[in-house]
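Have a look at the structure below, then the notes.
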There are 2 protein chains.
Amino acid sequence: MPPLHRLAPPLRCLRLANSTFQRSAFPRPTPPAFFRAHQPRGQHTEAAPTTSASSVDHSPQSQPDRPQSKITYTADSYPNLKRDSRFKEVTADDVAFFREVLGSDNAIIDGVTKDASDDLEAFNSDWMKKYRGQCKVVLKPDTTEQVSRILKYCNENLLPVNPQGGNTGLVGGSVPVFDEVVLNLSRMNSIHSFDEVSGILVADAGVILQAADDHVAEKGYIFPLDLGAKGSCQIGGNVATNAGGLRLLRYGSMHGNILGLEAVLPDGTIVDDLCTLRKNNTGYDLKQLFIGGEGSIGIITKISILCPQRSPAVNVAYFGLSSYAKVQQAFREAKIQLSEILSAFELMDSQSQALYARASGARLPLESPHPFYCLIETSGSNTDHDSEKLTTFLEHVMGEEIVADGVVADNESQLQSLWACREGISEASQHFGGVYKYDLSIPLPDLYSLVEECRERFQSNGLMSDTDESKPVFDVVGYGHMGDSNLHLNVAVRRYEKEVEKALEPWVYEWVAQRKGSISAEHGLGLAKKEFIQYSRSETMVGLMKQLKKVYDPNGIMNPYKYI
Amino acid sequence: MPPLHRLAPPLRCLRLANSTFQRSAFPRPTPPAFFRAHQPRGQHTEAAPTTSASSVDHSPQSQPDRPQSKITYTADSYPNLKRDSRFKEVTADDVAFFREVLGSDNAIIDGVTKDASDDLEAFNSDWMKKYRGQCKVVLKPDTTEQVSRILKYCNENLLPVNPQGGNTGLVGGSVPVFDEVVLNLSRMNSIHSFDEVSGILVADAGVILQAADDHVAEKGYIFPLDLGAKGSCQIGGNVATNAGGLRLLRYGSMHGNILGLEAVLPDGTIVDDLCTLRKNNTGYDLKQLFIGGEGSIGIITKISILCPQRSPAVNVAYFGLSSYAKVQQAFREAKIQLSEILSAFELMDSQSQALYARASGARLPLESPHPFYCLIETSGSNTDHDSEKLTTFLEHVMGEEIVADGVVADNESQLQSLWACREGISEASQHFGGVYKYDLSIPLPDLYSLVEECRERFQSNGLMSDTDESKPVFDVVGYGHMGDSNLHLNVAVRRYEKEVEKALEPWVYEWVAQRKGSISAEHGLGLAKKEFIQYSRSETMVGLMKQLKKVYDPNGIMNPYKYI
């Protein structure tokens, strides 16, 4: 790890920082090689999502390096789930119909009339190798009309359908549970238009996020979403799961950025709402139901999205703080002083950084330890202005003793090293055996208390020790997107044990529910969290959601066994 | 009007501008007194919306200075509208029930058991004095439970309900058509919480927009919506109508900023979705249906909204351009160079500025005329940085001959004068008799062609002259929120004539429909545009909307005769 320019106590170091602050524009880095070795290219750096401790295989084998044929069938790991007996099984006649609709042998994987187990496997299992379905047929339409004809047919014949984008989801939503027909969007991957004046992109649902971002980058724009899986995930899937990611603090959510979409309902109706306007107050904004709907009421086939201007100047600072109260103060000050250029404000506790250092062997940027660390990123149109704002901010927070110590990246390599301290935590958490992970939204004032209480819980029940190998829990760490109130709570364990699971669930969900938080901040419900929605939504809300599902999908063929 | 600092050809003047660029922070100005004289305090500066030329009284008497008792009943100006015979009329027993629920004489205006005509009038007619209903009872609940009991009762007894916020709408959505019960939210006006770290405000629907903005301003935040009616309109109504306004370019729409809401369905169900989290991926985002739903499926009672940091530095520039192609170039350059600090990019054509000058007697900021003018506003956290960016931008666009001439405001009075050139157009358009107004979204490349084609239309049909008093049309002007693709097309007339109406409608709507624009960019549908939705929405979409209306409001009691 290259040495970093250090900001030791208040003003002296900051003058130094100022004098070396001019640097070229940096792209956002990917984590260093060490941390990417176990991950497929372009897939999530945040690893496995929360799942029910009681119902799912938590064994360390269920990791990405496990061969697909060894993955437990979801039907076995969720024994309470039964195949819906109303659903028909796919027959040779059905396959003949699909083949006629698709008009190409490349567009169908047929495991009904012949053996296609090997070809089907990649569509049946998720990248975490945690979920495994048993579908016999994969359809890859390349027009909306084909999607419409297929869905209409499946609806009329009670054939369940599993919509699938890049299959990078973290909650088991993108792979079948039993023998659902997989409708994969990968062949619908054209970019239809990009208006260089307005920044509005119209593209097929199957376009890879990275390709969409590259396309608009050439014109000086940025896709308003970024996440670890960008090399594999598809924009239709991003919209269907309301993906949050790294740019939400700055550019907001899909609900604000998506201007229009085209989708197909189970009965084949094409919802033609592909508006390319920022303002259109003519009736209910129905497209919003598909954003975060996880393919449960229809399949998104095209999207229209507003892309913001790309920022040529990017700066990153990393600093230590003495308490969570100071973290909140620093966030407030960052919002005031960095305001329009603030693009990330990430929180890491000391335990998470120690775990990262221990697992990766990396040297931490600050010499002495601090209870909390924050990473700040600014993105703006003028490097000098942004550097000046960041320096002024750092002078202020160090002068006021809000921040105890800090460093700023002087070059791209340092910038990457600082980001690695944040992005490496996820892998580091699994380094000593396994990890229980929770992706939660909690109102900011309470956000960190959960980590403290969780740690106290394991300290008092005698299950945790960082030296005693007989204890299952190694450490409890907290980190996340402070700017979005999004906490990642990781319980790093030596091995998975029922006692640990019992101490965690439903306690974590109850804790979050009491503070009106969310049990799934950005990963969605899928199969993993279907059973826990009541912790984030009232009975009334769940009832209204079920009512809506019934309106659009009365036969329940869309992505069954999941969501709601 | 005070003299403005002029930027004559390229660089010389800009250096001058640079040297006088340091100035204090300005609040956004209200239009000068001249243009506010005919308007109630704090109400819209954009005047009457488009209405059907064939079905609505366009006589000049239907203006704000017309006594309420003289306003034509909506039932008379829309003779095709008939009262729904399924609906019951309010009886003394109903009033007794409402009185029991509300528990206060201040909370009910009872025109059923006694004469209350004078008290009812303000709730029956809109501020433009264009629509007038005949309701006999106004209810002002102060708790969500009261709203719930009232709606449940009305639903069971088939009593139609007209939800009403500040009654500042422009499409007749906020006043009854016949004898609907008016449910006015003005007594639900508490601010419940504001988190100074996250910037999240939770407040009752009846809070006045100005009060909400003042509340968060004290903490350094800004309400992400601003519009002329801010002194009267209520935030619940803003959300229900998905108000766009002046800050949309910078802060985006309600669909992105509203984090949660509480609403009551016609059957009394309380939709408790008052989330205070930026991320919550646990099921359908049902709240989105109420945003822009115009009270047609339920009544919003509370909102939770994310407020951005308030910018202490505001700059305004006004410049002339030789073509619409140059306007688009200038917008593109502004996005690149001003990027994160750009907060307004407004377009005005030469006709609109000439009309403004002629009507107001004001001197225009630039000496020689230009085919187009733009107003740019920047808002940021650092005055020096913003001024430098603006200067660099102006040097560039003048050096490249994208912009022909320009001025920047040196003080608050100049800033107000520049904004008045944009905000004064609406009143000026009515100055010579009357005006046909259209609030449209059109994709940017085509946006101005409509104005040109409309002008050619009136030139070729012989209905337009700026000197010949026998011609009904005085001028056709175009202006609007370029940054949002939102065009205001105003046809200034000496008098309302059927021939003019026939030349305009449905031609304008067809023109917009052909370019996939919107016939209502930000004003909504209400009563005025209910009949024209098919120009912006397909039959499929309208069908899906009607289906949804039926799901939530099977008896059709919510805001009947309007929307969908």
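All values reported here derive from a predicted model rather than from experimental measurement. Atoms considered below: every heavy atom in the structure, side chains included; atoms not considered: hydrogens, waters and symmetry mates.
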Working for salt bridge (charged side-chain N to carboxylate O under 4.0 Å, His left out), residues A/Asp439 and B/Lys279: CA-CA 10 Å; A/Asp439 165 44; B/Lys279 290 178 172 175; over 6 Å; no
Atom group of A/Lys335 that falls short of 4.5 Å from chain B, counting heavy atoms: both
Which portion of B/Phe290 sits near chain A, non-hydrogen atoms under 4.5 angstrom: neither
Heavy-atom contact with chain A under 4.5 Å, split by part of B/Leu544: both
Neighbour count >12 (heavy atoms, 6.0 Å) for atom CD, B/Glu196: yes
Segment of A/Lys530 engaging chain B (4.5 angstrom heavy-atom cut-off): neither
Contacting moiety of A/Ile533, where chain B heavy atoms sit under 4.5 Å: side chain
Which portion of A/Leu274 sits near chain B, non-hydrogen atoms under 4.5 angstrom: neither
Structural part of A/Ser381 lying under 4.5 Å from a heavy atom of chain B: both
Side-chain donor-acceptor contact under 3.5 Å, B/Asp195 with B/Ser198: yes
A/Ile442 versus chain B, the contacting section by heavy-atom distance below 4.5 Å: backbone
Interface moiety of B/Leu289 toward chain A, non-hydrogen atoms closer than 4.5 Å: both
Contact class of A/Tyr535 relative to chain B, heavy atoms under 4.5 angstrom: neither
Under 4.5 Å from any heavy atom of chain A - which part of B/Asn486: side chain
